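Inspection log for the structure reproduced underneath, given as structure tokens.
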Amino acid sequence: MNRHLLFLFVLLLVAAQESPPIAITSPAPDETLRAQVTITGKVDVPSFLSAQLDFAYASNPTNTWFTIQTFTQPLTDSTLATWDTTSITDGDYVLRLRVNFEDGTSQEVTVPIKIGNDALPTPTLVPTSTPEPDTVLIPTPFLIAASPTPTDIPRSTPTALPPNPVSLGQNQLYASLGRGALVILGLFALAGIIIRVRRF
């Protein structure tokens, strides 16, 4: 029985050593953050004086940190801060949780992260249903009636004009001229006779 208790005590010690008293539990390392982000962690150590949550550029040659939140009480597995990442340029950053102890020393943990507000996440395609095969509509053919072959329109044959009753033949014309000449001669003769009678 004592061996069992000793074994459980050893397991508890190992578990306590594996679970660090200072940790950032969320976000995970190399996670891409967008918009409002909840940062969780724990700061539960003896001789706790104060703590602060900071961030810096991944390439930080000047060791410049920007404070997100400060703490005056130890916290265990709770929300450390709600961070608005929309005011920060996209890129690689580091989160740091630093604890200050009463003896003037400090301890810290860091987590690399990425800010990607301008980079849209890749959409996950969810198949909804099997697409139905496309229906091809074939138009109904229709025949164009051929135009009838043009035929010649029969033309009427001109009929002969009836003879003109007023027209004169050549013989009649000569006879008329002869009669007219005789009448004129008779008139001249008559006129000459009348003139002579008056002289006498």
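All heavy atoms count here, side chains included; hydrogens, waters and symmetry mates do not. Predicted model, so just to flag it, every value in this text is computed and none were measured.
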Decide whether [X] and [Y] are clustered together by the hydrophobic rule: side chain heavy atoms of Ile, Leu, Val, Met, Phe, Trp, Tyr closer than 4.5 Å, transitively.
X: V37; Y: L75; value: yes
X: I113; Y: V109; value: yes
X: V94; Y: L80; value: no
X: W65; Y: I68; value: no
X: I24; Y: V45; value: yes

Identify the two heavy atoms, one from [X] and one from [Y], that lie closest to each other, and give their separation to 0.1 Å.
X: V111; Y: P29; result: CG1-CA, 3.6 Å
X: D44; Y: T76; result: OD2-OG1, 3.1 Å
X: P27; Y: L33; result: CB-CD2, 3.6 Å

With no hydrogens and no angle check, just 3.5 Å: does a side-chain donor-acceptor pair link N117 and T86? no
Let me confirm one number: the [atom1]-[atom2] distance from [X] to [Y], rounded to the nearest 0.5 Å.
X: K114; Y: T85; atom1: NZ; atom2: OG1; value: 14.5 Å
X: I39; Y: L95; atom1: CD1; atom2: CG; value: 5.0 Å
X: Q52; Y: S106; atom1: CD; atom2: OG; value: 9.5 Å
X: L185; Y: L190; atom1: CG; atom2: CG; value: 12.5 Å
X: F55; Y: T67; atom1: CZ; atom2: OG1; value: 9.0 Å
X: Q69; Y: L97; atom1: CD; atom2: CG; value: 11.0 Å

Y57/Y93 under ring pair (Phe, Tyr, Trp, His ring centres under 6.0 Å): CA gap, chis, key distance, verdict: CA-CA 4 Å; Y57 295 102; Y93 294 87; 5.2 Å; yes
Only counting residues at least two apart or in another chain, list the ones meeting side-chain hydrogen bond (donor to acceptor under 3.5 Å, both in side chains) with S47. none
What verdict does the side chain to side chain contact (heavy atoms under 4.5 Å, CB included) test give for T38 and W83, after you've listed the backbone C-alpha separation in whole Å, the side-chain angles of each residue and the deciding distance to 0.1 Å? CA-CA 6 Å; T38 300; W83 187 28; over 6 Å; no
According to the salt bridge (Lys or Arg N to Asp or Glu O under 4.0 Å) rule, which pairs have a member within residues 47-64, sequence neighbours left out? D54-R96
One pair to check against side chain to side chain contact (heavy atoms under 4.5 Å, CB included): R98 and N100. What are the steps and the verdict? CA-CA 7 Å; R98 182 172 185 160; N100 302 310; 4.1 Å; yes
Counting only heavy atoms not in F71, do more than 12 sit closer than 6.0 Å to its CZ atom? yes
Give a yes or no on whether the backbone of T40 and the side-chain of T25 come within a donor-acceptor separation of less than 3.5 Å. yes
Are S50 and T72 close enough that some pair of their side-chain heavy atoms sits under 4.5 Å apart? no
